[in-house]
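Side chains are part of it too, since the values below use all heavy atoms of this structure and drop only hydrogens, waters and symmetry mates. These numbers were taken from a predicted model, which means no experiment stands behind them.
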There are 2 protein chains.
Amino acid sequence: MAALDLLGRRGALRIVWELREGRVLTFRALQAAAELPPGTLNTRLSELRAADIVAAEGGYRLSPRGAQLIQALWPLMAWSQAWADDLQAKDAR
Amino acid sequence: MAALDLLGRRGALRIVWELREGRVLTFRALQAAAELPPGTLNTRLSELRAADIVAAEGGYRLSPRGAQLIQALWPLMAWSQAWADDLQAKDAR
DNA sequence: CTCTATGCTACAAATTTTGTATCATGAATG
DNA sequence: CATTCATGATACAAAATTTGTAGCATAGAG
């Protein structure tokens, strides 16, 4: 599953997530949002652009394929949120 | 998004994937399936067990929470498959 | 010219991963 | 009992990746 390999790299999912819902971010804004050093961000952006997930048109944004990916990520995000909520509830106890 | 951080580590998504559909694998079988060296697998398993995603009961398997995660991963897997198919189609051209 | 923001590169230090060998335990076999 | 086998796990050095910080080069605004 090649996509898992790509998306499993540090920051990859996070970058896609930060570009959700049509957001267009500059390199530096994306750097701040995804909390990545510039070297890692650049490496990851190269890979994501090669995979036609991210496009660089007047800032970084998701390509049409990337937009589809975001759709596929929603259930994962919902699970992730529930997971975080559970942990918090457990900690509060 | 803490879950993204955990699942973004090398092999994490892959491990969960290999334990899909109630599969129960030994450490070594999981090592072979996920293509990970033992040190990495062990590190990842510790994290996934701490996050209550994987359980070690007569072999490694998904916990109930992990089973929910797999559900949330299906759209991503479908996207991933479509992505791979597209790449293949493009290469064939 | 100066100031600012941009994308991006450089580089050494820190961290993570890899690959291989190996240990220790327990169950099965002879 | 002695041997063999599979298990989960650790050790360790080499390789790869990531990090944090500094800075470069370009372009636009004032």
Q: At less than 4.0 Å, is any side-chain N or O atom of A:Arg10 found next to OP1 or OP2 of C:dT15? Yes or no.
A: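 No, outside the criterion.
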Q: In this structure, how many angstroms lie between the P atom of D:dA16 and the CD atom of A:Glu47, rounded?
A: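 Going from A:Glu47 (CD) to D:dA16 (P), I get 16 Å.
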Q: Run the side-chain contact (heavy atoms from CB on, under 4.5 Å) test on A:Leu73 and B:Trp79 for me, step by step, so that the C-alpha distance in whole Å, both residues' side-chain angles and the decisive distance to 0.1 Å come before the verdict.
A: CA-CA 9 Å; A:Leu73 280 178; B:Trp79 176 89; over 6 Å; no
Q: Please check: side-chain N/O of B:Thr40 versus main-chain N/O of B:Leu36, any donor-acceptor pairing under 3.5 Å?
A: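 Side chain of B:Thr40 to backbone of B:Leu36, a donor-acceptor pair under 3.5 Å: no, none is there.
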Q: Check whether any side-chain N or O of B:Tyr60 sits under 4.0 Å from OP1 or OP2 of D:dA9, and answer yes or no.
A: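 Checking D:dA9 against B:Tyr60, a side-chain N or O does come within under 4.0 Å of OP1 or OP2.
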Q: Over how many whole Å does the gap from A:Glu57 atom CD to C:dG7 atom P extend?
A: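 My rounded result for the distance is 14 Å.
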Q: In whole Å, I'd like the distance from the CZ atom of A:Arg61 to the C1' atom of C:dG7.
A: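 Value for this atom pair: 16 Å.
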Q: Residues from residues 24-43 of chain B sitting under 4.0 Å of DNA chain D, heavy atoms only?
A: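 Correct list: B:Thr26, B:Phe27, B:Arg28, B:Pro38, B:Asn42.
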Q: What's the spacing between A:Arg44 CZ and A:Leu30 CG if we round to 0.5 Å?
A: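 Here the interatomic distance stands at 12.5 Å.
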Q: Check the pair B:Trp83 / A:Leu69 against side-chain contact (heavy atoms from CB on, under 4.5 Å), numbers first and verdict last.
A: CA-CA 9 Å; B:Trp83 179 82; A:Leu69 171 55; over 6 Å; no
Q: Charged N to carboxylate O under 4.0 angstrom, A:Asp86 versus B:Arg65?
A: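 Here A:Asp86 pairs with B:Arg65 in a salt bridge, since their nearest N and O are under 4.0 Å apart.
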Q: Before giving the answer on side-chain contact (heavy atoms from CB on, under 4.5 Å), spell out for A:Val24 and A:Tyr60 the whole-Å C-alpha distance, their side-chain angles and the decisive distance to 0.1 Å.
A: CA-CA 5 Å; A:Val24 181; A:Tyr60 290 98; over 6 Å; no
Q: I would like to know whether A:Arg61 and A:Val54 meet side-chain contact (heavy atoms from CB on, under 4.5 Å); could you show each step before the answer?
A: CA-CA 6 Å; A:Arg61 70 183 68 201; A:Val54 165; over 6 Å; no
Q: Taking the six-membered ring for Trp and the full ring for Phe, Tyr or His, determine whether the centres of B:Trp74 and B:Trp17 are under 6.0 Å apart.
A: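 Here the rings of B:Trp17 and B:Trp74 have centres that are less than 6.0 Å from each other.
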Q: Send over the distance from B:Leu48 CG to D:dG8 P, rounded to a whole Å.
A: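 Whole-Å distance recorded here is 16 Å.
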Q: In whole Å, what is the span from the CG atom of A:Asp5 to the C1' atom of C:dT17?
A: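 Taking atom C1' of C:dT17 as the reference, CG of A:Asp5 is at 13 Å.
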Q: Of all residues at least two apart in sequence or in a different chain, which pass the side chain to side chain contact (heavy atoms under 4.5 Å, CB included) check with B:Ala33?
A: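 Partners of B:Ala33 by the side chain to side chain contact (heavy atoms under 4.5 Å, CB included) criterion, ordered by chain and then number, come out as B:Glu18, B:Leu25.
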Q: Would you mind building the protein contact string for nucleotides 25-30 of chain D? One character per nucleotide, 5' to 3', B for base within reach (heavy atoms under 4.0 Å), S for sugar-phosphate only, - for untouched.
A: ------
Q: Would you mind reading off the distance between B:Arg44 atom CZ and C:dT16 atom C1', rounded to a whole angstrom?
A: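 Distance, rounded to whole Å: 8 Å.
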